[in-house]
Protein chains: 2
Amino acid sequence: MNSYEDEFRNYLKENGLKFTPERQLILKGVFSLHKHFDIDQLWEKLHRKDRRLSRATIYRTLPLLVECNLIQETLRCQGRVQYEHIFGHEHHDHLVCLKCGKIIESREERIEKLQEEICKRYHFKAVEHRLGIRGYCQKCQNKMKGT
Amino acid sequence: MNSYEDEFRNYLKENGLKFTPERQLILKGVFSLHKHFDIDQLWEKLHRKDRRLSRATIYRTLPLLVECNLIQETLRCQGRVQYEHIFGHEHHDHLVCLKCGKIIESREERIEKLQEEICKRYHFKAVEHRLGIRGYCQKCQNKMKGT
DNA sequence: TTTGTAATTGAGATACAATCTCAATTATAC
DNA sequence: GTATAATTGAGATTGTATCTCAATTACAAA
C-alpha cells in the first residue's frame with residue numbers, strides 16, 4: 001500500500017504538476033492534524049514552520065488533495081469549510097453539536113447501501129455524499145436541563 | 001390547517017416581533033418561487049415589486065422563516081446558501097448534478113429510521129439533518145459519453 | 001383614535017473567507 | 001546545465017453575509 005505522499009506525488013505527476021516543498025509541508029500538516037480542521041487552523045500551524053507560506057498556497061493545494069481523495073470537505077461550521085483526511089479511512093457521517101461544536105462520527109452500513117439504491121433508482125452517478133445531523137450532544141442536553 | 005401566513009404571524013407574535021409589509025412580501029415571494037432558491041434570486045424578484053426592499057431585510061427575514069419551520073436551508077451551491085419552503089412538505093434528501101445543477105429530491109423512509117437509530121445510539125438530540133449526494137444525472141452522463 | 005415604545009427598515013459600511021493577479025522563483029524533463 | 005511551464009507570495013479583489021444607525025412603523029394600551 002502506498003503512503004499518502006506517494007499518492008500525492010503520483011497524482012501530481014499524472015497531471016503535470018510539481019511536488020514542491022510547500023505542497024509537501026501542507027500535506028504533512030494535514031495528516032499531522034487530528035481529523036477535522038479548517039484552513040486557518042492549518043495555516044496557523046504551518047506558518048510557524050515556514051513564515052513565508054502563504055494562505056493562497058493552502059487554498060490552492062487543498063483542492064488538489066481533495067481531487068486525489070486524500071482529504072475531503074466535511075460539514076461547514078460557522079461559515080468555514082472544514083476538512084478531514086480520509087486516506088485509509090472509511091466514509092462516515094457526522095453529528096455536529098450546535099452548542100459545543102463536538103463532532104461525532106458514525107458509520108452505518110445500511111445507510112450506505114440505501115444511498116446506492118437511491119442512486120440506482122434515479123440513474124445517478126454519485127461522486128460524493130454527505131450526511132450531516134445537527135443537534136445537541138448528550139453533555140449539552142444535560143447542561144441545558146440543569147439551567 | 002393553518003396557512004403559512006398564519007404560521008408566520010403566530011411565530012412573530014409569540015416572540016414579540018412585528019408582521020411588517022416587508023416580511024409579508026418576502027413570505028409571499030418565498031412561496032411563489034418554485035422550490036429551491038437563493039437570496040439573490042429572491043431579491044431580484046421582490047425588488048421589482050418594491051424598489052425600496054433591501055437585501056438586508058431578506059437576510060434578516062429568512063432566518064425567521066427557518067426558525068418557524070416554513071423554509072429550510074438545503075445544499076450549498078457554488079458558495080450560496082439555497083433555501084426551499086417546506087411548509088406542508090415532508091423532509092427529503094437531495095441529489096445534485098455537478099454539471100447541470102439539476103436537483104432530484106428523494107425520500108427514503110428507511111434512511112430516516114436509521115438516522116433516528118444513530119441519534120439514539122449516541123444520545124444525540126437532532127434538530128436538523130441533511131443528506132446530499134453530488135454526482136451526475138443521467139442526461140449529463142450520456143452527454144459525457146457522447147463526447 | 002391617539003400615543004408611547006420597542007421593533008424594524010434601508011442604505012451604506014463593514015467583515016471575512018475565498019479567489020485572483022503578476023512578477024519572481026523553482027521543479028522537472030531533456 | 002538549460003529551457004520552460006508550473007508555482008509561489010503578497011497584496012488586491014471578489015462576493016456573500018452581517019452590522020450600524022438614524023428614521024420609520026406596527027402594535028398594545030389608554
Side-chain angles (χ1 to χ4, degrees), chain A residues 5-6 8-30 36-68 71-83, chain B residues 5-6 8-29 36-44 46-68 71-83:
Chain A
E5 191 172 309
D6 290 338
F8 194 32
R9 290 185 111 112
N10 286 341
Y11 169 79
L12 292 173
K13 186 168 270 183
E14 277 168 21
N15 291 80
L17 304 174
K18 296 173 180 170
F19 187 72
T20 64
E22 288 83 2
R23 285 178 179 163
Q24 186 174 35
L25 183 68
I26 292 167
L27 180 67
K28 278 192 183 165
V30 163
H36 307 85
F37 62 91
D38 62 38
I39 284 187
D40 241 47
Q41 287 168 358
L42 184 59
W43 181 78
E44 210 168 306
K45 183 186 174 86
L46 297 180
H47 183 64
R48 271 186 245 127
K49 298 193 181 175
D50 179 357
R51 296 255 154 224
R52 286 261 179 77
L53 186 70
S54 161
R55 270 189 171 78
T57 302
I58 298 182
Y59 274 107
R60 283 186 287 230
T61 302
L62 290 193
L64 298 177
L65 295 176
V66 169
E67 190 59 34
C68 63
I71 67 174
Q72 75 179 177
E73 282 185 25
T74 59
L75 294 172
R76 218 168 257 265
C77 230
Q78 289 134 6
R80 288 181 176 190
V81 175
Q82 296 260 337
Y83 292 89
Chain B
E5 191 171 309
D6 290 338
F8 194 32
R9 290 186 110 111
N10 286 340
Y11 169 79
L12 292 173
K13 185 169 271 184
E14 278 168 20
N15 290 81
L17 304 174
K18 297 173 180 172
F19 187 72
T20 64
E22 288 83 3
R23 285 177 179 166
Q24 186 173 36
L25 183 68
I26 292 167
L27 181 67
K28 279 192 184 166
H36 307 84
F37 62 93
D38 62 38
I39 285 186
D40 240 48
Q41 286 168 359
L42 185 59
W43 181 78
E44 211 168 305
L46 297 180
H47 183 65
R48 270 186 245 125
K49 296 191 180 175
D50 180 356
R51 296 254 153 225
R52 285 261 181 77
L53 187 70
S54 161
R55 269 188 171 79
T57 302
I58 298 182
Y59 275 107
R60 282 186 287 230
T61 302
L62 289 193
L64 298 176
L65 295 176
V66 169
E67 191 58 33
C68 64
I71 67 174
Q72 72 179 178
E73 283 185 23
T74 59
L75 293 173
R76 219 166 255 266
C77 230
Q78 287 135 7
R80 288 182 176 188
V81 176
Q82 295 259 336
Y83 292 91

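We name chains A, B, ... by the order of the sequence lines, and we start the count at 1 in each one.
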Practice item. Please tell me if the side chains of Leu17(A) and Arg23(A) come closer than 4.5 Å, counting only heavy atoms from C-beta onward. Key: yes
Practice item. Using only side-chain N and O atoms of Tyr59(A), determine if any of them is under 4.0 Å from OP1 or OP2 of dA18(C). Key: yes
Exercise for review: State, yes or no, whether a side-chain contact exists between Asp40(A) and Arg80(A) at a heavy-atom distance under 4.5 Å.
Suggested key: yes
Review point. When you check the phosphate oxygens OP1 and OP2 of dT9(C), does a side-chain N or O of Arg52(B) lie under 4.0 Å from one of them?
Key: no
Review point. So which one's nearest nucleotide on DNA chain C is more toward 5', Arg60(A) or Asp40(A)?
Key: Asp40(A)
Exercise for review: Examine distances only and state if a side-chain atom of Glu44(B) and a backbone atom of Gln41(B) form a donor-acceptor pair shorter than 3.5 Å.
Suggested key: no
Exercise for review: Evaluate the side-chain proximity of Asp38(A) to Tyr83(A): yes if any heavy-atom separation is below 4.5 Å, no if none is.
Suggested key: no
Check your understanding: What integer distance in Å separates Trp43(A):CH2 from dC16(C):C1'?
Key -> 15 Å
Practice item. Measure the distance from CD1 on Ile58(B) to C1' on dA11(C) and round it to the nearest whole Å. Key: 14 Å
Check your understanding: How many Å lie between CG on Leu25(B) and P on dT9(C), as a whole number?
Key -> 11 Å
Practice item. Show the numbers, then the answer: is there a side-chain contact (heavy atoms from CB on, under 4.5 Å) between Leu42(B) and Ile26(B)? Key: CA-CA 8 Å; Leu42(B) 185 59; Ile26(B) 292 167; 4.3 Å; yes
Check your understanding: Within this structure, what is the CD-to-P distance between Gln24(B) and dA26(D), rounded to whole angstrom?
Key -> 11 Å
N/O to N/O distances under 3.5 Å, protein versus nucleotides 26-30 of chain C:
| unit_1 | atom_1 | unit_2 | atom_2 | d |
| --- | --- | --- | --- | --- |
| dT26(C) | O2 | Lys18(A) | NZ | 3.4 |
| dA27(C) | N3 | Lys18(A) | NZ | 3.2 |
| dT28(C) | OP1 | Phe19(A) | N | 3.1 |

**Study point:** Spacing of Leu64(A) atom CG relative to dT7(D) atom C1', expressed in whole Å
**Key:** 11 Å
Review point. dA6(D) P sits how many Å from Tyr11(A) OH, rounded?
Key: 14 Å
Check your understanding: Which nucleotide, dA17(C), dA11(C), dT21(C), lies nearest any side-chain atom of Arg80(A)?
Key -> dA17(C)
Practice item. Taking the side chain as every heavy atom from C-beta outward, state whether Glu5(A) and Leu27(A) have any pair of such atoms under 4.5 Å apart. Key: yes
Point to revise | 5' precedence on DNA chain C between Asp50(B) and Gly16(B) (nearest-nucleotide basis) | key: Gly16(B)
Exercise for review: Rounded off to whole Å, could you give me the CD1-to-P distance for the Ile39(B) and dT18(D) pair?
Suggested key: 8 Å
**Study point:** Presence of Arg23(B) side-chain N/O under 4.0 Å of dT9(C) phosphate oxygens OP1/OP2
**Key:** yes
Practice item. Could you grab the distance from atom CD1 of Ile58(A) to atom CH2 of Trp43(A), nearest 0.5 Å is fine? Key: 8.0 Å
Point to revise | Separation of atom CZ in Phe37(B) from atom P in dT16(D), rounded to whole Å | key: 16 Å
